[in-house]
Amino acid sequence: MTTTAEAGTPRVHPDAGRKDPSPRPRPGRIHRIGLPYLLLLPALVLELLVHLVPMVIGIVMSFKELTQFYIRDWGTAPWSGLDNYRVSVDFDAPVGEALLHSFFVTVGFTLLSVGLCWLIGTAAAIFMQDTFRGRGLLRALFLVPYALPVYAAVITWVFMFQHDNGLVNHVLHDQLHLTDEPSFWLIGDNSFYALLTVSVWKGWPFAFLIVMAGLQNIPRELYEAAALDGAGMWQQIRRITLPSLGAVNQVLILVLFLWTFNDFNTPFVLFGRAAPEAADLISVHIYQASFVTWNFGTGSAMSVLLLLFLLAVTGVYLAVTSRGRRTSRAR
């Protein structure tokens, strides 16, 4: 009987209950892990070719005495060391003085443009939170300036800013009588305001789109509870809306700052190759230093200085805003 029972009992391997400390990867596991990196490879290669390689070439050019005499074979241009950088930051000389003036104009223009874009876009997004008839159509109209091609939109503004038959002078001078005579908007001091107007008109729909998306994540119960406690509209915006949009505004303002500070298409199409002194943005100034005076070494040095400035501003901005968010969370 014992022999029969033992014969009917299945044998169990002595190591059957132990777990394999180093399980072998399943077939295809390595393939699945490497597939995302393989899919990212074309984007990485294009990023290398489109951005990183020209950036490295530009840095090398900034250390060369590259003028029109060496443009056919720029590799044979003699090395100049830091001379191009010394010329660019010598603010007592004409080149450095013009660059410093362009830098201050760009800083003022960027601060005003980013501030107005954020303000108008946020106000429009908050207004669009309420449900009313025609809201979808109005949202689509708000996004038209952002959807239009830059060149088509700016060329339209060029015609509107014309001195004799432009729409702006027709409205301000002929209909509203706000000016004594038609103004020149594309030359002189008024060129700064013309450039600022086009930049804000073109940029605020992007702020509106981002803020409107961020508002969707704020629970409506917070506003209802605040209204029951007696909070008005401005108190709700100050205590609920703006704090909840902190992370969104951090990214939005940084992106708007970088786009506006580096904007080349808008002033170039609006004023041409020679921008007025009042609207001499640093992007156009570097273009003129490189392609008008044919001094590519100095222009490359200016571009490198601009890159270092933007990297420094971005790092400081992210450090300050991140620390502020951590402090507010700790409270």
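Quick note: residue numbers are just sequence positions, from 1. These numbers were taken from a predicted model, which means no experiment stands behind them.
Below 30°, between 30° and 60°, or above 60°: for Phe63 and Trp79 the angle between ring planes is between 30° and 60°, a tilted geometry. Note on ring orientation: taking the six-membered ring where Trp is involved, the planes of Tyr146 and Phe206 are tilted (angle from 30° to 60°). Classification of the Trp185-Phe161 ring pair by plane angle, with boundaries at 30° and 60°, yields tilted.
Each of Thr298, Val87, Val89, Ile282 was checked for a side-chain contact (heavy atoms from CB on, under 4.5 Å) with Leu99, and the lone residue meeting it is Ile282. Shown are Asn265, Asp263, Leu148; of these, the side-chain contact (heavy atoms from CB on, under 4.5 Å) with Lys202 is made only by Asp263.
Residues satisfying the side chain to side chain contact (heavy atoms under 4.5 Å, CB included) criterion with Leu119, sequence neighbours excluded, are absent altogether.
Looking at heavy atoms from C-beta onward, His170 lies out of side-chain contact with Met160 at the 4.5 angstrom threshold. Pro205 has its side chain out of reach of Phe142: every pair of non-hydrogen atoms, C-beta onward, lies at least 4.5 Å apart. Under the 4.5 Å side-chain criterion, counting only non-hydrogen atoms from C-beta, Asn262 is in contact with Leu310. Two residues are said to be in side-chain contact when any heavy atoms from C-beta on lie closer than 4.5 Å; Tyr317 and Gln250 meet this criterion. Contact of the Leu186 side chain with the Trp157 side chain is not registered, since no non-hydrogen atoms from C-beta on lie closer than 4.5 Å.
Proximity of a side-chain donor or acceptor of Ser102 to a complementary backbone N or O of Ala98 within less than 3.5 Å is not detected. The main-chain N or O of Gly232 is found under 3.5 Å from a side-chain atom of Gln235 such that the two form a donor-acceptor pair. With Lys64 contributing its side chain and Gly297 its backbone, the two residues share no donor-acceptor pair below 3.5 Å. Under the 3.5 Å distance criterion, the side-chain polar atoms of His173 are left unmatched by any main-chain donor or acceptor of Asn169. Not a single donor-acceptor pair under 3.5 Å links the side chain of Asp280 to the backbone N or O of Pro276. Panel note: side chain Ser113, backbone Thr110; no donor-acceptor pair is recorded below 3.5 Å. Under a 3.5 Å cut-off, the side chain of Ser290 and the backbone N or O of Ile286 do form a donor-acceptor pair. When atom types are taken as modelled, the side chain of Arg273 and the backbone of Gln288 share no donor-acceptor pair closer than 3.5 angstrom. The backbone N or O of Ala231 sits less than 3.5 Å from a side-chain atom of Gln236, completing a donor-acceptor pair.
For residues 218-257, the ring-ring contact (aromatic ring centres under 6.0 Å, His included) pairs, not counting sequence neighbours, are Phe257-Phe261. The side chain to side chain donor-acceptor pair (under 3.5 Å) analysis of residues 80-90, with sequence neighbours excluded, yields the pairs Ser62-Tyr85, Ser80-Asn84, Asp83-Arg86.
A distance below 6.0 Å separates the ring centres of Phe127 and Phe132.
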